[in-house]
Amino acid sequence: MSAEDEQSGWQLTESDPGVFTELLKTLGVPLVVDDLYSLDPASLFEMQPLHAFIFLFKWVGSSAEPTAGQYDPDFPGFFAHQVVNNACATLAVMNALGNIPGLPMGSPLSDLISFTAGMDPQTRGMAITSSDWLREAHNALSPPSAISLDGLGLPKTTEDAYHFIVYMPYMGCVYEFDGLKQHPVNHGPFSESGEGWVAKAREVIEARIATYPAGALEFSLLSLREDPVPRLQAQLAELQASGRQSEASELIVRLSTENSKRERWNFENSLRRHNYVGFVHALLVALAKSGRLETAKEGAKKAMRERAEKRNERGEASMEED
Amino acid sequence: MADPRIAFKAGRLFRRGNTNFIDAEPTKGAIILQNGEDGLLHFMWKGRSTNNVEEDLILFPGEATMVKVDQSAWGRTYVLKFSSSNQRHFFWMQDADSSRDAEFVSNVNRLLTDPQMVPIWSAPGAGSEPSTSSAPVAGPSQAASTSQPGVQATPEQLAQMQQILASFAQGSQQQQQPEVSLVDILTPANLTPLFSSHPELIQALFPYLPPDLPTPPNEETLRQIIASPQFRGAVRSFDQALRTGLLGGLVRGLGLPEEAGTGVEAFLRAIQEQARGEEGDRMDTD
């Protein structure tokens, strides 16, 4: 973690659709984020209306950055620089939300966006990063720091920050918003017919992926789209009212898939917010009272030794555990 | 020749950005108060592994005092406050034994008031106030005034202080590779058999689960949580935090002694003690 991260008060969050969607809910925006496993037309059609793609990657390796598209220094829309690494996920979301015309949103968010009107990307990035309520909304989904682990110089576990890039349409062109680049990148106009901007964005993203050697890039794709549940519910009511039962049952299945996904996200989010110190203590006391703690401890020592031996065999430097 | 007057193990804390949070820096260090060759009182902080003096404040009499930070969960955090400015330096006690904290701080404050003051150390084994060798000035007895000399440090105490100062110069040899991790203890493999043999435990654990679960918890919920990446991540964080030795204040909230917050093994030992103490309370059923 950079010194900036330590001082900034922004905690590192997981890049999970459930986390993003919860953030959107807090911002009062009727959109959801989903994992995208494929960019093929059929999958994307299911996701419409689709507002943006979020491309996230851990870059492993040293190939040169691709340079497709053109910088647009006069971009009139919303673009902010990434000023604090830990805020990267929220910053990407802001760069997307700020460019969706007519998007309903809560007033803290619309106030923040209008506050930054006319600012250059660096200043806008700093303004966003200094927003207390936004930072609190962002931090709400990482583990509570009952103990402040910041600044202790603890070895980082493998969860390093991903880099986030947003691809979306703006005024007839497909744009790329990368908070670490100087300006938004214009990838050219798209045709409204057929799949519209999505077809163009797919081209750009696939071309980008192809420039990395196989296996060098660990990446994910997320979609930012309209929350389908209200629309599905309205459609279902209509179908049931007009007696079209077979279509209605199809919709019931889709709705129930959406709802179980939301329930899983809510479950995971409540797990993310929880302080487990009391639980850990209770579990250990229970192990002790039932006479199992010593054995568990011996087993744990053995596991630690075995891992250290394996690491030595592989010639790796000694690290803290997995 | 610089003359060290007080020395004790302490770490530093720094303010986090513009917030009111202060975060501990784990570096092992020491606070040393010393009458310098310049005739002035130096309040220094030095790293015990590097032996470098990182802070060297020259303090005039009455300029600063050292005060306990009550809001600190850690419990052994102190701040050096200045009477004429907003300057603040935060420190945390690093000696595993906290029984001398108050004594160190009170002597620091005596020196900060009067650099020629002789610190008062309670003689080892002595119960109450050590008696002074000179008769007090006649007059109403009050709390020790600055003109009353205290007891000189005994030769043993001086030797002890020399030893502490010498050990500061040695590299920190207490860094050991961790031998055991909570992550390997709180595994489904260890916990599932526990639930099978003590089913009443399941209900007893519900109050410790997240309060905002979408549906009320049951046995399956418990198993899911224990296997979840969020729980494992939390155990890993707690394990790391224990290894910093800084959790003395936090573990007291669990009914454990402060010593339990100094490391994973210490924590586990304290838990064994606590479980023994509560024997017969709940676990053994009909």
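Not measured: the values here are computed from a predicted model. Residue numbering restarts at 1 for every chain, and letters A, B, ... go by the order of the sequence lines.
Nearest heavy atoms, A/V285 versus B/A275: O-CB, 4.2 Å. For the residue pair B/N190 and A/L287, the shortest heavy atom distance occurs at O-CD2, 4.1 Å.
One distance of note links OG of B/S181 with CZ of A/R307; it measures 7.0 Å at 0.5 Å rounding. Atoms CD1 and CZ, from B/I226 and A/F279 in turn, are 4.5 Å apart once rounded to the nearest 0.5 Å. Interatomic distance, A/N266 CG to B/D212 CG, rounded to the nearest 0.5 Å: 9.0 Å. A distance of 7.5 Å separates CG in B/L201 from CG in A/L283, rounded to the nearest 0.5 Å.
No side-chain heavy atom of B/D184 sits under 4.5 Å from any side-chain heavy atom of A/K302. In this structure the side chain of A/Y276 reaches within 4.5 angstrom of the side chain of B/I225, judged on heavy atoms. The side-chain heavy atoms of A/N275 and B/F238, taken from C-beta on, include no pair separated by under 4.5 Å. Using a 4.5 Å cut-off on side-chain heavy atoms (C-beta onward), A/H281 and B/Y208 make no contact. At least one side-chain heavy atom of A/L284 sits less than 4.5 Å from a side-chain heavy atom of B/F267. Here the side chains of B/I185 and A/L293 are in contact, with some heavy-atom distance below 4.5 Å.
Looking at B/L182, the atoms closer than 4.5 Å to chain A (heavy atoms on both sides) all sit in the side chain, from C-beta outward. For A/R292, the part lying under 4.5 angstrom from a heavy atom of chain B is the side chain only. Contacts between B/F206 and chain A at a heavy-atom distance below 4.5 Å are absent for every atom of the residue. Residue A/E294 touches chain B through both its backbone and its side chain, counting heavy-atom pairs closer than 4.5 Å. Heavy atoms closer than 4.5 Å to chain A are found nowhere in B/P207, neither backbone nor side chain. Proximity to chain A (any heavy atom under 4.5 Å) is restricted, for B/L222, to the side chain, taken from C-beta onward. At a 4.5 Å heavy-atom cutoff, the contact between A/R273 and chain B is made by side-chain atoms alone.
Atom CD of B/Q224 has more than 12 heavy atoms from other residues, nucleotides or ligands within 6.0 Å. For CZ of A/F115, the number of neighbouring non-hydrogen atoms (other residues, nucleotides, ligands) closer than 6.0 Å is 12 at most. With a 6.0 Å radius and a threshold of 12 heavy atoms from other residues, nucleotides or ligands, A/M126 has its CE atom at or below the threshold.
A/H274 and B/Q230 share no side-chain donor-acceptor pair at under 3.5 Å.
Comparing B/P214, B/S197, B/A234 by heavy-atom pairs within less than 4.5 Å of chain A, the highest count is held by B/P214. Taking chain A as the reference chain and counting heavy-atom pairs below 4.5 Å, the highest number among B/P193, B/G253, B/A189 is found for B/P193. The candidate with the highest count of non-hydrogen atom pairs below 4.5 Å against chain B, out of A/A296, A/A308, A/G299, is A/A296. In terms of heavy-atom pairs under 4.5 Å with chain A, the best-connected choice from B/L191, B/T221, B/V235, B/T27 is B/L191. Taking B/L213, B/L254, B/V180 one by one and counting their heavy-atom pairs under 4.5 Å with chain A, the maximum is reached by B/L254.
Under the 4.0 Å criterion applied to side-chain N and carboxylate O atoms, A/K297 and B/E265 are assigned as salt-bridge partners.
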